[in-house]
Amino acid sequence: MAEPTLNVRGCEIYEGWLDGDAQAALVQDLRDVVAQAPLFTPRTPRGKPMSVRMTSAGKYGWYSDRRGYRYEGAHPKGGPWPTIPPAVLDIWRALVSPARMPDCCLINYYTSDARMGLHQDRDEADFAWPVLSVSLGDDALFRIGSDTKGGATSSVWLNSGDVVVMGGAARLCYHGIDRIRPGTSALFQGTGRINLTCRVVD
DNA sequence: AAGTTCCT
DNA sequence: GGAC
């Protein structure tokens with residue numbers, strides 16, 4: 001059984017889980033997903049555009065607008081979400097469980113000035129299943145707190161190929177991305193970071 | 001604190 | 001902490 005190389009506030013980090021070839025293959029899979037389900041800019045319930053662009057694969061996609069945070073069965077432009085790339089499911093099988101596949105693979109695209117405020121992943125029906133997150137491209141400063149608002153936090157730089165599993169007591173921990181370090185990965189032309197977040201939704 | 005939220 |  002694989003062991004995390006780092007544990008930050010209960011979040012298990014598998015540094016360098018994907019080698020360069022696996023990362024490049026995954027990027028091609030994601031290009032196919034984005035061709036079918038274009039990236040969009042979600043708005044917060046207050047109407048403010050988020051700095052990340054996103055899309056999803058799987059039964060559900062995560063979505064946000066003035067009506068709130070939720071999962072949707074279709075892309076905002078219509079039609080089902082593409083299927084989750086098999087290589088992503090392989091990571092889930094290896095680090096979470098082969099017994100149940102995720103319903104959603106959220107694809108977040110960060111430009112050099114994109115951020116993600118601290119938040120909990122709590123739009124799912126069953127918190128017993130961990131959340132799995134894959135980093136691709138530029139380095140990102142990941143901040144992790146506890147499951148209560150206002151608590152202490154720790155930060156760690158995530159690199160391309162790293163995988164984070166948030167389960168157990170860490171399933172509802174607050175987490176976010178404070179900063180992208182542009183140009184630190186050759187995976188994309190220029191700069192950019194993609195984060196995949198896989199979740200069991202219902 | 002998916003928001004340099006906004007409000008009680 | 002909750003709502004939008």
Side-chain angles (χ1 to χ4, degrees), chain A residues 8-11 13 30 33-34 37-77 81 84 88 102-127 129-158 162-182 192-202:
Chain A
V8 181
R9 296 188 178 275
C11 294
I13 305 178
L30 298 174
V33 169
V34 171
L39 294 166
F40 55 89
T41 301
R43 287 181 178 267
T44 68
R46 289 275 184 189
K48 187 183 176 69
M50 294 174 67
S51 59
V52 299
R53 289 196 294 155
M54 63 175 59
T55 190
S56 289
K59 180 181 179 184
Y60 298 110
W62 189 84
Y63 193 72
S64 174
D65 61 13
R66 288 169 193 79
R67 291 173 40 214
Y69 305 138
R70 63 193 182 276
Y71 285 96
E72 289 282 357
H75 189 277
K77 299 188 85 168
W81 304 99
I84 300 176
V88 176
D103 300 310
C104 174
C105 174
L106 174 62
I107 299 160
N108 282 324
Y109 176 69
Y110 294 76
T111 52
S112 57
D113 54 358
R115 292 164 293 104
M116 179 74 75
L118 283 172
H119 67 279
Q120 291 173 301
D121 288 11
R122 55 177 308 152
D123 301 314
E124 302 77 28
D126 183 358
F127 299 138
W129 289 99
V131 170
L132 179 145
S133 153
V134 180
S135 292
L136 294 168
D138 286 337
D139 300 345
L141 186 57
F142 185 52
R143 190 147 57 98
I144 306 163
S146 68
D147 61 1
T148 54
K149 202 171 172 175
T153 62
S154 302
S155 295
V156 60
W157 282 97
L158 296 179
D162 291 352
V163 177
V164 180
V165 175
M166 293 182 287
R171 173 60 180 78
L172 288 171
C173 71
Y174 280 89
H175 58 281
I177 295 293
D178 284 339
R179 190 149 59 98
I180 300 296
R181 202 153 53 189
R193 173 179 188 258
I194 282 179
N195 178 256
L196 307 179
T197 311
C198 296
R199 311 182 184 94
V200 170
V201 174
D202 61 8

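Below, chains carry the letters A, B, ... as their sequence lines are ordered, and counting in each starts from 1.
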Length of the [atom1]-[atom2] vector between [X] and [N], whole Å:
| X | N | atom1 | atom2 | answer |
| --- | --- | --- | --- | --- |
| Leu118(A) | dG3(B) | CG | P | 9 Å |
| Arg122(A) | dG2(C) | CZ | C1' | 11 Å |
| Gln120(A) | dG3(B) | CD | C1' | 15 Å |
| Asn108(A) | dG3(B) | CG | P | 11 Å |
| Leu172(A) | dG1(C) | CG | P | 14 Å |
| Met50(A) | dC4(C) | CE | P | 19 Å |
| Arg46(A) | dA3(C) | CZ | P | 12 Å |
| Met116(A) | dG3(B) | CE | C1' | 11 Å |

Base, sugar-phosphate or nothing for [X]? Non-hydrogen atoms, less than 4.0 Å.
| X | result |
| --- | --- |
| Arg199(A) | base |
| Gly176(A) | nothing |
| Gly150(A) | base |

**Asked** Can we say Arg171(A) and Asp147(A) salt-bridge, meaning some charged N sits less than 4.0 Å from an Asp/Glu carboxylate O?
**Response**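 Result for this pair is no, no salt bridge flagged.
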
Q.
Quick check for you: among dG3(B), dA2(B), dG2(C), whose closest atom lies nearest to any side-chain atom of Thr44(A)?
A.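 Nearest nucleotide to the side chain: dG3(B).
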
Query raised in the report: If you check every side-chain atom of Pro45(A), which of dA2(B), dG1(C), dG3(B) has the closest atom?
Result: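 For Pro45(A), the side-chain atoms sit closest to dG3(B).
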
(message) Using 0.5 Å steps for rounding, measure from the CH2 atom of Trp81(A) to the NZ atom of Lys59(A).
(response)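 The distance works out to 15.0 Å.
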
Enter the distance from Thr55(A):OG1 to Tyr109(A):OH here, rounded to the nearest 0.5 Å.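 The OG1 atom of Thr55(A) sits 14.0 Å away from the OH atom of Tyr109(A).
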
Check your understanding: Has Arg181(A) got more than 12 heavy atoms of other residues, nucleotides or ligands less than 6.0 Å from its CZ?
Key ->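 Check passes, neighbour count above 12.
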
*asked:* When both hydrogen-bonding distances must be under 3.5 Å and the geometry is Watson-Crick or G-U wobble, what is dG1(C) paired with, if anything?
replied: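 Its partner is dC7(B).
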
(Q) Measuring only between side-chain heavy atoms, which start at C-beta, is Thr153(A) closer than 4.5 Å to Tyr174(A)? (A)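 No, side chains not in contact.
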
